[in-house]
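A short write-up of the structure that comes next.
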Amino acid sequence: MILKIDTLNQQAYDILKEKILNKELLPGTRLVDSQLAEDFGISRTPLRDAIRKLAEEGFVVSSPTKKGYYVYQPSAKDINEIFELRQILDEAVVRKLIQAVLPHNPEAYSVLSDLRQRTLEQADFSGATFCKEDEYFHDQITALVQNQVLTQCYSQLRFKTRIYRVFTSDSPSRVRRSYQSHLRLCNALLGLDLEEALAVVEEHVRMSIEYCMEDLQQLETLKS
């Protein structure tokens, strides 16, 4: 049986992504398509396509000083800077929602109510479910402010932390804390409680930094 090109590309993508998420290819590892093709028994062309797709998703980056692609690895400084900007954006979103959107837009209020109910119904704390629901939650809230530039900035930041959200999803206790934070934020927004909403944002960002730093230390241990 001869596999179609699209099937081969997807197969290469699935294999490579699984190796990254399972920490078989650690952050900072250079991805050499010829070596990966030999290791996986796949031709180089589908692997190149898979690497490009993973780069679009934030799992892989090209180096400005070194040749080739590498599994993404932010430093502690990168993590702090990413979440510093993330907090600024989150605070801007909740301020606009409470002060300008929710009081005058019943449709936005309804979307937020549905999002709260969706979060309440989350019974599956598996990694795959958490990653999808976490992105969906933040995308929905950010979209309510109807600022395309802000939304694009938020998406770029999310790509930079996606690999760490995958690691976080391995821990049911972390996931439960994240869902609880989501519920608190929904309640604060629906109640137009700006002080509480800002407090939740600050706590959520601080928690995310804590998790990322723990995972960074774990990765350094695995590489040593």
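The structure presented is a predicted model; accordingly, all values stated were derived computationally and were not measured.
- Remark: the backbone N or O of Ala76 is paired with a side-chain donor or acceptor of Asn80 at under 3.5 angstrom.
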- Query: Can Tyr179 and Thr119 be said to form a side-chain contact (heavy atoms from CB on, under 4.5 Å), step by step?
  - Reply: CA-CA 7 Å; Tyr179 279 140; Thr119 304; 4.2 Å; yes
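- Taking CD of Gln180 as the reference point, atom CZ of Arg176 lies at 9.0 Å (rounded to 0.5 Å).
- Between the OG1 atom of Thr29 and the NZ atom of Lys19 there is a distance of 12.5 Å, given to the nearest 0.5 Å.
- With no hydrogens or angles considered, a side-chain donor-acceptor pair links Tyr13 and Glu57 at under 3.5 Å.
- Note that Arg118 lies in the cation-pi zone of Tyr136, set by a 6.0 Å cut-off to the ring centre and a 45° limit from the axis.
- A donor atom on one side chain and an acceptor atom on the other are found under 3.5 Å apart for Arg86 and Tyr154.
- Surrounding CD of Gln117 are more than 12 heavy atoms belonging to other residues, nucleotides or ligands, all under 6.0 Å away.
- To the nearest 0.5 Å, the span separating CG on Leu115 from CD on Gln140 amounts to 6.0 Å.
- Using a 4.5 Å cut-off on side-chain heavy atoms (C-beta onward), Leu97 and Leu112 make no contact.
- Between Asp193 and Ile98, every side-chain heavy-atom pair lies at or beyond the 4.5 Å cut-off.
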- Item | Chi angles and distances behind the side-chain hydrogen bond (donor to acceptor under 3.5 Å, both in side chains) call for Arg177, Tyr211 | CA-CA 11 Å; Arg177 283 185 66 189; Tyr211 291 161; 3.1 Å; yes
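- Asp134 contributes no side-chain N or O that, together with a main-chain N or O of Phe130, makes up a donor-acceptor pair within less than 3.5 Å.
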- Message: Checking Arg52 against Glu56 for the salt bridge (charged side-chain N to carboxylate O under 4.0 Å, His left out) test, could you report, in this order, the C-alpha distance in whole Å, the side-chain angles of both residues, the deciding distance, and whether it holds?
- Response: CA-CA 6 Å; Arg52 285 194 294 269; Glu56 292 174 359; over 6 Å; no
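- The cluster map of Ile, Leu, Val, Met, Phe, Trp and Tyr, joined by side-chain heavy atoms under 4.5 Å apart, puts Leu189 and Leu192 in the same cluster.
- Annotation: the span from Asn147 atom CG to Cys153 atom SG amounts to 8.5 Å, rounded to 0.5 Å.
- Salt-bridge annotation for Arg174 and Glu214: present, with a side-chain N of the basic residue lying under 4.0 Å from a carboxylate O of the acidic one.
- Here Arg206 does not pair with Glu210 in a salt bridge; the nearest charged N to carboxylate O distance is not below 4.0 Å.
- A donor atom on one side chain and an acceptor atom on the other are not found under 3.5 Å apart for Asp90 and His204.
- Between the side chain of Thr142 and the main chain of Asp139, no donor-acceptor pair closer than 3.5 Å is present.
- Crowding of Glu84 atom CD: a count of heavy atoms from other residues, nucleotides or ligands under 6.0 Å not exceeding 12.
- The minimum heavy-atom distance linking Tyr69 with Ala55 is given by the pair CE2-CB, 4.1 Å.
- Counting heavy atoms from C-beta on, the side chains of Gln11 and Pro46 never come closer than 4.5 Å.
- For Ser155 (side chain) and Thr151 (main-chain N/O), a donor-acceptor pair under 3.5 Å exists by modelled atom type.
- Annotation: Gln152, atom CD; neighbour count of heavy atoms from other residues, nucleotides and ligands within 6.0 Å is above 12.
- Side-chain contact check for Gln35 versus Arg30: every heavy-atom pair is 4.5 Å or farther apart.
- Closest approach of Glu196 and Ala188 over heavy atoms only: CG-CB, 3.5 Å.
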- Where do Ser34 and Arg44 land on the side-chain contact (heavy atoms from CB on, under 4.5 Å) test, with the steps shown first? CA-CA 6 Å; Ser34 58; Arg44 294 171 67 179; 3.9 Å; yes
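- In terms of hydrophobic clustering, with Ile, Leu, Val, Met, Phe, Trp and Tyr side chains grouped at heavy-atom distances under 4.5 Å, Val32 and Leu26 are assigned to different clusters.
- Looking only at side-chain heavy atoms (C-beta outward), Leu16 and Leu25 come within less than 4.5 Å of each other.
- One distance of note links OG of Ser178 with CZ of Phe137; it measures 10.5 Å at 0.5 Å rounding.
- Put simply, the side chain of Glu133 does not reach to within 4.5 Å of the side chain of His182, judged on heavy atoms.
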- Message: With side-chain contact (heavy atoms from CB on, under 4.5 Å) as the criterion, how do Leu194 and Leu198 come out once you've worked through the C-alpha distance, each side chain's angles and the decisive distance to 0.1 Å?
- Response: CA-CA 6 Å; Leu194 181 58; Leu198 291 174; 3.9 Å; yes
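- Looking only at distances, a side-chain donor or acceptor of Ser113 sits under 3.5 Å from a matching main-chain atom of Tyr109.
- Of all heavy-atom pairs spanning Ser43 and Ala37, the tightest one is C-CB, 4.0 Å.
- In this structure, CZ in Arg116 is found 7.0 Å from CG in Leu190, a value given to the nearest 0.5 Å.
- The shortest distance between side-chain heavy atoms of Leu36 and Leu31 falls below 4.5 Å.
- Side-chain contact between Val71 and Phe59: absent, with no pair of heavy atoms (C-beta onward) separated by less than 4.5 Å.
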- Residue pair Phe83, Cys212: steps toward the side-chain contact (heavy atoms from CB on, under 4.5 Å) verdict: CA-CA 10 Å; Phe83 281 103; Cys212 284; 3.7 Å; yes
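- Leu144 and Val101 get closest at one heavy-atom pair: O-CG1, 3.9 Å.
- For Gln148, the CD atom sits in a loose shell: 12 or fewer heavy atoms of surrounding residues, nucleotides or ligands are nearer than 6.0 Å.
- Between Ala12 and Ala50, the shortest heavy-atom distance links the atoms C-CB, 3.7 Å.
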